[in-house]
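Worksheet for the structure shown next.
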Amino acid sequence: MIASGRVLILGAQGQLGIELQKAFQGAGEVAALGREWCDLAHPEVIRAAMDEMRPGIVLNAAAYTAVDRAESQPELAMLVNGEAPGVLAKEARKIGALLVHYSTDYVFDGSKTGPWVEDDAVNPLNEYGRSKLAGERKIALAGGQYLIFRTSWVYSPHGTNFLRTMLRLGREREHLRVVNDQIGAPTTAAALARATRAVVDQIASGFEFADSGIYHMTCAGATSWCGFAQEIFRRAQAPEGKSWPVVTGIPHTEYPTAAKRPKNSVLSNAKLLSRFGVELPAWEDALAETLEEAKVQ
Ligand SMILES: NC(=O)c1ccc[n+]([C@@H]2O[C@H](COP(=O)([O-])OP(=O)(O)OC[C@H]3O[C@@H](n4cnc5c(N)ncnc54)[C@H](OP(=O)(O)O)[C@@H]3O)[C@@H](O)[C@H]2O)c1
């Protein structure tokens, strides 16, 4: 059984951190800390925050998420994504708290044909993926109670993400060329946060040590970046007097980025469903909801 008590959310101003604060309304005492109060690059700050807050559950939505920048800042990415989760996990274990952490499809190399399952061999292609994988391993090694939710292609009405980039470019250009040979499941931070709440609600009264582990957690279905862009422009309302741009698919080789990305990022959510009975919406429905909520149409 996990300790009950305060829910501590880290990464308060990030896409997921914002949505977790909404999803955990009414879940008792909830505290949310941003980088200014808990900078994961400083282990002593993490220890002090955990000591002061003494949470029953820690939801760690803070991470170094600049995938391309991580190629030139691998040490910082490793500190925040690789080392800090281990510090958090050790602190959580000391006080009997459950650590809920988020990881990524980028731990895989994309070479599989079907959806990736939790036990598939990892082989990250970029520094961000390597740092997130190190974080997963450090958490497991700490020996406490934890859930790691691997997710993909996260977006919301806030922050820097593919949806907001497309809507901005869509207002500026008549034609967009978007990668069509990398596939994954676009996942809204809201769907992720609600699924997290659903899992936490279930386990709060009966978490078994054996439940600790990695679970894939993405919206249902899959598409390419190009398919995602086309769906955004199909559903979003165009600016007055204008139409959205034509979107053409291109191979990733025509859109070079600092970090390599997997060809197939699709994760199987079967383990999450079978253990917790939790399922996220289809990615198209989650997109419609986000467009509606954000009034960005
Ligand atoms: N975004 C995706 O496509 C994606 C895909 C797969 C998995 N994930 C995982 O999902 C989780 C949530 O991601 P997200 O999309 O919500 O990311 P996000 O919007 O970039 O938010 C991350 C938050 O972490 C904070 N942060 C960065 N460095 C920090 C540090 N040293 N100490 C404390 N806070 C720090 C950021 O603060 P600043 O604003 O001050 O930098 C930001 O508020 C992460 O674990 C991420 O790795 C994300």
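FYI, the numbering just counts along the sequence from 1. It should be emphasised that the depicted structure is a prediction, and the values quoted were computed from it without experimental measurement. Worth knowing before you read on, the calculation uses all heavy atoms, side chains too, and leaves out hydrogens, waters and symmetry mates. When a ligand or atom number is given, it counts from 1 through the structure's own listing order.
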Flag for [Y]-[X]: side-chain donor and acceptor within less than 3.5 Å:
X: Asn180; Y: Ser224; result: no
X: Arg261; Y: Thr257; result: yes
X: Asn269; Y: Thr218; result: yes
X: Ser131; Y: Asn81; result: yes
X: Gln145; Y: Ser212; result: no
X: Tyr128; Y: Glu71; result: no

Residues in salt bridge (charged side-chain N to carboxylate O under 4.0 Å, His left out) with Glu231, at least two apart?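 Glu231 satisfies salt bridge (charged side-chain N to carboxylate O under 4.0 Å, His left out) with Arg234, Arg235 once adjacent residues are dropped.
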
Heavy-atom proximity to [atom], best of [options]:
atom: atom 8 (N) of ligand 1; options: Phe149, Trp153, Tyr128; value: Tyr128
atom: atom 21 (O) of ligand 1; options: Gly14, Ala63, Ala189; value: Gly14
atom: atom 7 (C) of ligand 1; options: Ser103, Gly135, Gly11, Gly184; value: Ser103
atom: atom 13 (O) of ligand 1; options: Thr65, Leu40, Ile18; value: Thr65
atom: atom 6 (C) of ligand 1; options: Leu20, Thr218, Thr151; value: Thr151

Are Trp225 and Phe162 near enough that their ring centres are under 6.0 Å apart? yes

Please confirm whether the ring centroid of Phe228 lies under 6.0 Å from the ring centroid of Tyr155. yes

Provide, to 0.1 Å, the distance between [atom] and the closest protein heavy atom, together with that atom's residue and name.
atom: atom 31 (N) of ligand 1; value: Asp39 OD1, 2.9 Å
atom: atom 12 (C) of ligand 1; value: Ala61 O, 3.7 Å
atom: atom 45 (O) of ligand 1; value: Lys132 NZ, 2.8 Å
atom: atom 14 (P) of ligand 1; value: Gln15 NE2, 4.0 Å
atom: atom 41 (O) of ligand 1; value: Arg35 NH2, 2.6 Å
atom: atom 16 (O) of ligand 1; value: Leu16 N, 2.9 Å

Just checking Glu289: does its CD atom have more than 12 heavy atoms from other residues, nucleotides or ligands closer to it than 6.0 angstrom? yes

As an exercise, identify every atom of ligand 1 less than 4.0 angstrom from a heavy atom of [X].
X: Ala41; answer: 31 (N)
X: Tyr102; answer: 10 (O), 11 (C), 45 (O)
X: Cys38; answer: 32 (N), 33 (C)
X: Gln13; answer: 43 (O)
X: Ala62; answer: 24 (O), 34 (N)

Taking both backbone and side-chain atoms of Val154, is any N or O found less than 3.5 Å from an N or O belonging to ligand 1? yes

Purely on distance, is any nitrogen or oxygen of Thr104 under 3.5 Å from one on ligand 1?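 In fact, backbone or side chain, Thr104 has no N or O that close.
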
Strictly less than 4.0 Å: does any protein heavy-atom distance to atom 39 (O) of ligand 1 fall in that range? no

